[in-house]
Amino acid sequence: MTTQNTNEKTTALVTGANKGIGYEIAAGLGALGWRVGVGARDDGRREAAVQKLQAAGVDAFGVPLDVTDDASVADAARLVQQLAGGLDVLVNNAGVTGGMPQEPTQVSPEQLRTVVETNVIGVVRVTNAMLPLLRRSASPRIVNMSSSVGSLTRQTATTDQLSTGPVSAAYSPSKTFLNAVTVQYAKELHDTAILINLACPGFVATDLNGFRGVRTPEQGAAIAVRLATLPDDGPTGGYFEDAGVIPW
Ligand SMILES: NC(=O)c1ccc[n+]([C@@H]2O[C@H](COP(=O)([O-])OP(=O)(O)OC[C@H]3O[C@@H](n4cnc5c(N)ncnc54)[C@H](OP(=O)(O)O)[C@@H]3O)[C@@H](O)[C@H]2O)c1
């Protein structure tokens, strides 16, 4: 991938990169020789992740970033411009479940608000703040971490909780919402070089699910790394897992 940013290196920013799948996405992109911004809201956890990545040979830098906070996101865009001279790839990985159980008959408005604020509005907030930087890249890519539980086709095909997750009025619908918003971005940006796609990592053992997942964070990161490194004639507005396209 080439870049028109002021630095010759490809630069990526990964949100929620201090642990779990986000950390492994940062490690995977760093292993390609890219400069990687580690977006994280907690100073200690962010610095620990940056140091671990640097010890593994990654050109990593910390980016203080709370995706629910306008000022934090605006500051992050300024910092990325200042430290890296631009941005080629944005991976919107940060996400929360809002806590279980969250059956629709019991979910609280506050639970819903928190999840949508992070998983949907947070992605829009970060994407729009980073777009001026991305537009200057020759091959800009945006990857939004969704989940197969956001697929209404799958949700309505089975009640099997292994493939659709538990009954959820906040988390799963937030990913459906994110899918829909991502399609609209792809429509608006179709005449630009920006490719924007959705990734599903599979059921991964992380804090998000009390480490009940069956895949490693590294395995979960692979699809996001693939979508971050798409060729210029690659897809946009798509919804992918390792095995291929996920039905909406
Ligand atoms: N694990 C799975 O099986 C699975 C399946 C499908 C999709 N996903 C998606 O994959 C993504 C990563 O999840 P994970 O499993 O790696 O979970 P995780 O280990 O809990 O990591 C979530 C990350 O998001 C960050 N985050 C949460 N709210 C944030 C905010 N307001 N601002 C900035 N960062 C914030 C967390 O930071 P803190 O450390 O500060 O909390 C953490 O770094 C999520 O979008 C999730 O929905 C996961």
Side-chain angles (χ1 to χ4, degrees), residues 13-28 37-50 52-53 62-76 90-100 102 113-127 129-130 143-151 154-155 161-166 168 170-179 181-182 198-225 227 239-242 246:
L13 172 66
V14 183
T15 70
N18 54 288
K19 66 178 181 182
I21 300 165
Y23 176 86
E24 292 298 338
I25 296 169
V38 175
R41 56 186 167 176
D42 179 86
D43 292 344
R45 289 196 290 273
R46 182 181 59 254
E47 192 47 37
V50 169
K52 196 170 155 197
L53 287 164
V63 181
L65 177 60
D66 180 338
V67 304
T68 65
D69 183 305
D70 286 341
S72 165
V73 172
D75 287 348
L90 170 64
V91 182
N92 286 305
N93 166 80
V96 295
T97 63
M100 299 289 169
Q102 52 177 241
R113 233 175 255 125
T114 302
V115 175
V116 172
E117 185 64 54
T118 305
N119 297 2
V120 183
I121 300 173
V123 172
V124 172
R125 183 181 286 114
V126 174
T127 300
M130 300 299 162
V143 182
N144 291 342
M145 285 305 278
S146 183
S147 168
S148 62
V149 303
S151 164
R154 289 193 180 169
Q155 286 292 343
Q161 294 203 355
L162 262 183
S163 36
T164 63
S168 144
Y171 182 69
S172 298
S174 78
K175 295 299 187 181
T176 313
F177 192 169
L178 176 64
N179 292 353
V181 168
T182 302
L198 293 147
C200 170
F203 188 33
V204 179
T206 66
D207 267 340
L208 194 90
N209 51 37
F211 295 91
R212 283 178 297 103
V214 294
R215 310 190 79 207
T216 65
E218 194 177 354
Q219 289 171 326
I223 183 66
V225 171
L227 294 172
Y239 182 24
F240 301 97
E241 59 190 354
D242 280 348
I246 303 176

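Remember, it's 1-based here, ligands and their atoms both numbered in the order they're listed.
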- Heavy atoms only: give me the nearest Asn119-Gly95 pair and the separation to one decimal.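 Where Asn119 meets Gly95 most closely, the heavy atoms are OD1-CA, 3.3 Å.
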Kindly give the heavy-atom pair with the smallest separation between Gly98 and Val115, and that separation in Å.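 The answer is CA-CG2, 3.4 Å.
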Going by side-chain contact (heavy atoms from CB on, under 4.5 Å), name the residues that satisfy it together with Thr127, two or more places apart in sequence or in a different chain.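 Thr127: side-chain contact (heavy atoms from CB on, under 4.5 Å) contacts with Leu90, Asn92, Val123, Leu131, Ile142, Tyr185.
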Are [X] and [Y] close enough for a salt bridge, meaning some N to O gap below 4.0 Å?
X	Y	result
Arg215	Asp242	yes
Glu241	Arg154	yes
Glu24	Lys19	no

Residues lining ligand 1 [heavy-atom distance under 4.0 Å, listed by chain and residue number]:
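Contacting ligand 1 under 4.0 Å are Gly16, Asn18, Lys19, Gly20, Ile21, Arg41, Arg45, Leu65, Asp66, Val67, Thr68, Asn93, Ala94, Gly95, Val96, Thr118, Met145, Ser146, Ser147, Tyr171, Lys175, Pro201, Gly202, Phe203, Val204, Thr206, Asp207, Leu208, Asn209.
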